Amino acid sequence: MVYNFKEIEKKWQKIWEENKAFRAINGSSKPKYYYLVEFPYPSGSGLHVGHVRSYAAHDTMARKKRMQGYNVLFPMGWDSFGAPAEQYAIANNIHPKEAVAENVKVFKSQIQNLGISFDWEREFATSDPDYYKWTQWQFQKFFEHGMAYKAKTLVNWCGNCKTVLSNEDAAGGVCERCNASVVQKEQEQWMLKMKDYAQDLLDGLDDTEYSDRVKLAQIEWIKRSEGALINFKLKELDESLEVFTTRPDTIYGVTFMVISPEHPIIEKYHQQISNYEELEAYKQEAHKKTEFERTQLNKDKTGVKISGITAANPLSNKEIPIFISDYVMMNYGTGAIMAVPAHDERDYEFAKKFSLPIIPVIDGGDISKEAYLGDGVHINSEIINGKNLDEAINIISDYIEENQIGKRTVNYKLQDWVFSRQRFWGEPIPLIYNEQDGWKTDKNLPVLLPDTVNYKPTEDGKSPLTNIKEFVNYKDKNGVEWIRETDTMPNWAGSSWYWLRYMDPHNDKEFVSREALEYWGQVDWYNGGMEHAARHLLYARFWNHFLYNIGLVPYKEPFKKRVAHGMILGEGGAKMSKSLGNVVNPDDMVNLYGADSLRVYELFIGDYEKDATWSDQGIVGTHRFLNRTYRIKEKVTDVNKYSQKLECLMHQTIKKVTDDIDNMKYNTAVSSLMILLNEMEKQEVITKKDYRTYLCLLNPIAPHITEELNEICDLGDPFYKSDWPVYDKDKIVDAEYELVVQVNGKVRGKTVSRTDASKEEMEKQAKSIDNVQKHISGKEIVKIITIPGKMVNIVVK
RNA sequence: GCAGGAGUGGCGGAAUGGUAGACGCGAAGGUCUCAAACACCUUUGGUAGUAAUACUGUGUGAGUUCAAGUCUCAUCUCCUGCACCA
C-alpha cells in the first residue's frame with residue numbers, strides 16, 4: 001500500500017458531505033441535468049458489485065457534468081416495498097419496517113463508502129408514509145378517471161408465495177421471486193387500464209433516445225398486430241362469435257373454430273350445450289396445468305368439441321364445429337380464433353389430432369406434411385382466387401366491413417395491469433366500500449399500514465390485512481360504516497413515479513410542486529438493468545402518460561434517454577450467486593484496494609452495455625495505476641503551464657476523456673489516462689499544470705485520491721468546486737508523426753514525417769526507405785495513394 | 001420459431017475502411033532484498049531467422065477495394081430477450 005486510501009477516502013467523503021458538494025438546487029439559473037439510476041431493493045444480501053458499476057458510471061458523468069457548469073440532480077432512494085423486503089422480514093422474524101430500516105442502513109453506508117455523489121438530502125424510501133401517501137393519492141386519480149376497475153380475472157397464482165402475480169411476474173410459468181410453478185386461479189382484482197395506452201406507449205418511443213435493445217423490449221412487450229375482427233354467426237342461436245385474425249385472407253380455409261376454455265359464451269349458453277360437464281372438466285384440468293406446461297411441454301394439442309353449437313363461415317356459409325382448447329388464450333385477442341389448419345402450425349396440429357378437414361387456400365407447400373406458412377396465390381377462395389396476400393387481405397377486409405360481418409382492427413399483446421396483491425408489505429389500496437355507495441376513495445391519506453405482527457400471508461391467499469378488524473372496519477365522520485380494501489399495491493407502483501418525487505422530496509402539500517416539475521422536466525438520462533427494460537419501464541411510462549393526460553406533469557415521456565448496463569458475472573463467467581460461491585462483496589474490495597480502485601476497475605472492465613466477468617487480478621491492476629498516480633507527485637514542479645513534451649498529449653487526452661465519458665466508453669477513457677500517466681512517468685519532471693489536468697480528468701472516476709493529491713500538491717481549488725478542463729483543437733495534432741508506407745497494401749516501412757508535408761514530399765520520403773525500395777525496384781508503379789498525416793500506399797505491378 | 005447482439009493473443013478487451021492486438025491482467029527473464037512481498041526494467045499473437053526481415057493471423061467461405069476486424073452476400077457457433085400472440 002503506497003497511499004493510505006482508507007484515511008483519504010473517509011476524509012473526502014466527510015468534506016463533500018459537510019460542504020453539501022453535490023446538492024442539486026431547485027430553480028438554479030445554471031442549466032439543469034437530471035441523471036437517474038435505478039434505486040435498489042434494500043434486500044438482505046447487501047450491495048452487489050453490479051450496483052457499483054452502474055452507480056460509478058453515472059457518478060462519473062454527474063461529476064463531470066457539474067464541473068462543466070450544470071446543476072445536476074443525481075438522487076438515490078430505496079424501493080423498499082414488495083416481496084423481497086417482506087421475505088427477508090419473514091425469514092428473520094422481524095417486522096418488514098425494521099428489516100427495511102436495517103437493510104437501508106447497510107446499503108447506504110456501502111454506497112457512501114464508494115463516494116458516489118448522490119444528493120442525499122433527497123433520499124426517501126417507497127415505504128415511507130410521506131411517500132406512499134402520494135402513491136395512494138395518484139392511485140385515486142386513476143380510480144377517479146375511470147382507469148381502475150375491479151374484475152374477476154384468471155390470475156397467476158403462486159402457491160408458494162401465496163400471492164397473485166402479474167403476467168410479467170409470472171413470465172415463463174415460474175414465480176419471479178421464488179421460482180415455484182405458477183397456476184391459474186380466478187380472483188377479484190383491481191386492474192389499471194394500461195391497454196388503453198398501448199398505442200401511445202408505442203408512439204412515445206419515437207420521442208425518446210433509448211438504446212435499441214431497450215426500445216425493442218418495449219415494442220415486443222406491447223406487440224401491436226394489425227388484422228380484423230370477424231363475426232361468425234352461431235347457427236342455433238341469435239348470437240355470433242367474434243374472432244381476431246391477422247390473416248382475414250385465409251377465411252375460406254377455416255374448417256373449425258377454437259375458443260378459450262374460459263370463454264364467457266360457454267356459461268352464457270350453458271343450456272344449449274349438451275356436453276357442458278365435459279367442457280367444465282376440461283377447463284378445470286387446464287387450470288391445474290402451470291403456464292409452463294401449457295406453453296412449453298404440452299405442444300400436443302388437447303381440446304373438446306362443443307356439442308349443440310356450431311358456427312357458419314360468413315363467406316362460404318359452410319357449417320363448422322367449435323372446440324375449446326387451452327392453446328387459445330382468453331387474454332389475447334377475443335379469446336376465440338378461426339382455425340385455418342392449412343396455413344397455421346397450431347391449427348394444423350389440432351386438425352390432425354381431431355381428424356378435421358384441411359383446405360389449402362394459398363398455393364404452395366405440401367399440406368399433407370405440414371401447414372404451409374409461405375406466400376403464394378390464393379386458391380379455393382372464390383372472390384380472391386389468384387390474388388396475392390396484400391390484395392386479398394384488402395378485398396376481404398373491405399368485404400366484411402361492407403357486409404357488416406367485421407372490421408379492420410389493431411390488437412395489442414399488452415394487457416391491463418393487475419394492480420392488487422394479497423400481501424402485507426405494500427401500499428394499501430386507499431378505497432372503501434359499502435353496499436349503498438359501492439367503492440369510494442378514502443380522502444384521509446395516507447392509509448397507513450397497521451403496526452401488526454401478523455403480516456404473513458394467509459393460507460387461503462387473502463391479504464393478511466383482512467384479519468385486522470381495526471383496519472378493515474371504517475366509520476366516516478357521518479357515522480356511515482365502510483369496509484376498507486385490504487389488497488395492497490404491487491412492488492411496481494412505488495417505482496412508477498419515484499423520479500418525480502426526487503424533484504421535490506419533502507413537499508407535504510403536493511406530490512411534486514409544479515415549479516419543480518417545470519424546472520427539472522424530463523429525466524435526461526436513466527440507467528438501469530436490462531431486466532427492467534420491459535416491465536418497470538413500461539409501468540413507469542404508462543403512469544407518467546396518465547399523469548400527463550390529466551395535467552399533472554408537463555412531459556408525456558418521463559425519460560429522455562435510457563441505457564442498460566451489462567451484468568457483472570462471477571469469475572468463470574457465470575452469474576454471481578450464493579450457491580455457486582462466486583459472489584464478490586464490494587465491501588471486501590473497498591477494504592483491500594479502496595473505493596477508487598474498485599470504481600476504476602469496474603469502469604475499465606469492458607463495454608458498459610455488455611456483460612463483464614469479474615477478475616480479482618484486474619482490480620490489482622487498477623490499484624497499481626492509482627499507486628503510480630500517487631507516487632508521481634514527487635516529480636511535480638512549480639511551473640504553471642504544460643510541459644512542452646506533453647502538451648499535445650494533454651490536449652488529446654482531454655478530448656478523449658471528455659468524449660468517452662459522454663459516450664459511456666469508460667474503459668477507453670481510463671486507458672487514455674493510463675497512457676498519459678505512462679508518458680508522465682517517462683519525464684524527469686512534470687509541471688503543476690500537467691498534474692492538475694491529469695488529476696482533474698481522473699477525478700470523476702477516482703474522486704478521492706485525485707482530491708487528495710490536488711490538495712497535497714497545492715494545485716488549486718478542490719475539484720468539486722472546479723471547472724472541467726478544455727482542450728485547444730489546434731494543439732491536438734503533433735508537428736511530427738510516424739508515416740506508414742505500404743507497397744500493395746502491405747506495410748514495408750515507417751518513417752518520421754512532418755504533419756504539414758505535401759503529398760509529393762510524403763511520396764519522396766516513402767520511396768527513400770530501403771525496404772520500400774527493395775519492394776518496388778524493377779516494378780512498374782501503377783499508382784500511389786497518399787493519405788496526409790497517415791500513410792502512403794504504392795501500388796506496383 | 002421470432003427479434004436483437006457478439007465471435008480478435010493465455011485472459012479482459014482496443015482499433016473515423018488506412019500500422020490489428022492500444023490499455024490492463026497473466027507469463028518469462030532481470031534489478032532491488034539475507035529472503036519474500038511491494039516496486040521497477042525488458043520481452044511477450046504464431047512460424048522461420050542471431051538479426052534485418054519474410055510468411056501467417058480478427059469463427060468459416062466467397063466478394064467489393066490501392067487497402068477489410070471494419071463494407072456486401074452466404075454460413076457456423078455462442079449469448080440475451082420474447083414465445084401456442086391467432
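All figures in this text were calculated on a predicted structure; none of them were measured in a lab. Within every chain, numbering begins at 1; the chains are lettered A, B, ... in the order of the sequence lines, protein sequences first and strands thereafter.
Comparing the C1' positions of B:rG45 and B:rC41 gives a spacing of 23 Å, expressed to the nearest Å. B:rG63 sits 13 Å from B:rA68 when the P atoms are compared, rounded to a whole Å. With C1' as the reference atom, B:rU70 and B:rG17 are 7 Å apart, rounded to whole Å. B:rG21 and B:rG7 have their C1' atoms separated by 15 Å, with the value rounded to a whole Å. Going from the P atom of B:rG12 to that of B:rG59 covers 14 Å, rounded to whole Å. Separation of the P atoms belonging to B:rU58 and B:rG46 is 15 Å when rounded to the nearest angstrom. Taking atom P on both B:rG26 and B:rU75, the two are 43 Å apart, rounded to the nearest angstrom. If you take atom P in B:rG5 and the same atom in B:rA86, they sit 23 Å apart, rounded to whole Å.
Within the structure, the salt bridge (charged side-chain N to carboxylate O under 4.0 Å, His left out) test picks out the following pairs touching residues 603-623 of chain A (sequence neighbours left out): A:Asp607-A:Lys610. Among residue pairs with one or both ends in residues 776-797 of chain A, those qualifying as side chain to side chain donor-acceptor pair (under 3.5 Å) are A:Glu763-A:Thr786; sequence neighbours excluded.
Among residues two or more places apart in sequence or in another chain, the ring pair (Phe, Tyr, Trp, His ring centres under 6.0 Å) test is passed with A:Phe604 by none. Among residues two or more places apart in sequence or in another chain, the ring pair (Phe, Tyr, Trp, His ring centres under 6.0 Å) test is passed with A:Phe625 by none. Evaluation of the side chain to side chain donor-acceptor pair (under 3.5 Å) rule for A:Arg624 yields no partner, not counting sequence neighbours. Listed by chain and number, the residues in a ring pair (Phe, Tyr, Trp, His ring centres under 6.0 Å) with A:Phe256 are A:Phe323, A:Phe350 (sequence neighbours excluded).
Both A:Ile675 and A:Val740 sit near RNA chain B, but only A:Val740 has its closest nucleotide nearer the 5' end. For A:Arg247 and A:Val670, each mapped to the nucleotide of RNA chain B holding its nearest heavy atom, the one lying further toward the 5' end belongs to A:Val670.
Counting only distance, with no hydrogens or angles, the side chain of A:Asn744 and the backbone of A:Val796 share a donor-acceptor pair below 3.5 Å. Side-chain N or O atoms of A:Tyr282 include one that pairs as donor or acceptor with a backbone N or O of A:Asp326 at under 3.5 Å. A side-chain donor-acceptor contact under 3.5 Å links A:Ser768 to the backbone of A:Gln765.
Under the 6.0 Å cut-off for aromatic ring centres, A:Tyr608 and A:Tyr666 qualify, their centroids lying closer than that. Remark: aromatic rings of A:Tyr593 and A:His623 are close, center separation under 6.0 Å. Checked against the 6.0 Å centroid threshold, A:Tyr197 and A:Trp417 do not count as a close aromatic pair.
Put simply, the side chain of A:Lys767 reaches to within 4.5 Å of the side chain of A:Ile794, judged on heavy atoms.
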Please list, for nucleotides 66-69 of chain B, all pairs of protein and nucleotide N/O atoms separated by less than 3.5 Å.
| residue | atom | partner | partner atom | Å |
| --- | --- | --- | --- | --- |
| B:rC66 | O2' | A:Asn793 | ND2 | 3.4 |
| B:rC66 | O2 | A:Asn793 | ND2 | 2.6 |

Every protein N/O lying under 3.5 Å from an N/O of nucleotides 55-58 of chain B:
| residue | atom | partner | partner atom | Å |
| --- | --- | --- | --- | --- |
| B:rC55 | OP1 | A:Arg748 | NH2 | 3.3 |
| B:rC55 | OP2 | A:Arg748 | NH1 | 3.0 |
| B:rU56 | OP2 | A:Lys746 | NZ | 3.0 |

Could I get a table of every N or O pair under 3.5 Å where one atom is in the protein and the other is in nucleotides 7-12 of chain B?
| residue | atom | partner | partner atom | Å |
| --- | --- | --- | --- | --- |
| B:rG12 | O2' | A:Ile605 | O | 2.9 |

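Which of B:rG24, B:rA14, B:rA86 sits closest to the side chain of A:Met674 comes down to B:rG24. Nearest nucleotide to the A:Leu216 side chain, out of B:rA3, B:rA86, B:rU16: B:rA3. In this structure, of B:rC40, B:rU19, B:rC84, it is B:rC40 that holds the atom nearest to the side chain of A:Arg631. Of the candidate nucleotides B:rC23, B:rA86, B:rA14, B:rA14 has the atom nearest to the side chain of A:Thr668.
Residues from residues 654-662 of chain A that place a heavy atom under 4.0 Å from any atom of RNA chain B: there are none.
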Whether each nucleotide of nucleotides 26-32 of chain B has a protein heavy atom under 4.0 Å at its base (B), only at its sugar-phosphate (S) or at neither (-) is summarised, 5' to 3', as S------
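Within a 6.0 Å sphere centred on NZ of A:Lys305, heavy atoms belonging to other residues, nucleotides or ligands number 12 at most. Atom CD of A:Glu242 has more than 12 heavy atoms from other residues, nucleotides or ligands within 6.0 Å. No more than 12 heavy atoms of other residues, nucleotides or ligands sit less than 6.0 Å from atom NZ of A:Lys764.
The aromatic rings of A:His532 and A:Trp492 sit perpendicular to each other, their planes meeting at more than 60°, with 30° as the lower class boundary.
To the nearest angstrom, P of B:rG24 lies 9 Å from CZ of A:Phe625. The interatomic distance linking A:Gln415 (CD) with B:rA83 (P) rounds to 12 Å, in whole Å. Between the CG atom of A:Leu538 and the P atom of B:rG81 there is a distance of 18 Å, given to the nearest Å. When the C1' atom of B:rA83 is taken as reference, atom CD1 of A:Ile219 falls 17 Å away, rounded to whole Å. Put simply, CE on A:Met567 is 14 Å from C1' on B:rG5, counting in whole angstrom units. Atom NZ of A:Lys413 and atom P of B:rC2 are 16 Å apart (whole Å). Nucleotide B:rG13 holds its C1' atom 17 Å from the CE atom of A:Met664, rounded to whole Å. Note: NZ (A:Lys223) to P (B:rA83) measures 9 Å, nearest angstrom.
Within 3.5 Å, a donor on the side chain of A:Lys301 pairs with an acceptor on the base of B:rC84, or the reverse. On a pure distance criterion of 3.5 Å, no polar donor-acceptor pair joins the side chain of A:Lys774 and the base of B:rU53.
A glycosidic torsion no more than 90° from 0 defines the syn conformation; B:rG5 lies beyond that range and is anti.
Phosphate proximity of B:rA54 to A:Asn771: present, with a side-chain N or O under 4.0 Å from OP1 or OP2. Contact check, A:Lys790 against B:rG17: no side-chain N or O comes under 4.0 Å of OP1 or OP2.
The cationic group of A:Arg562 lies under 6.0 Å from the six-membered ring centre of A:Tyr526 and within 45° of the ring axis, placing it in a cation-pi geometry. With a 6.0 Å cutoff to the six-membered ring centre and a 45° limit on the axis angle, A:Lys301 counts as a cation-pi contact of A:Tyr327.
Only one option out of A:Asp660, A:Asn663, A:Asp659 pairs with A:Thr668 in a side chain to side chain donor-acceptor pair (under 3.5 Å); it is A:Asp660.
Between the side chains of A:Ser615 and A:Gln617, no donor-acceptor pair is found at a separation under 3.5 Å.
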The dot-bracket string of RNA chain B, counting Watson-Crick and G-U wobble pairs with both distances under 3.5 Å, using [ ] for crossing pairs and | for pairs to another strand, is (((((((..(((.....[....)))((((((.......))))))((((....))))..(((((..]....))))))))))))....
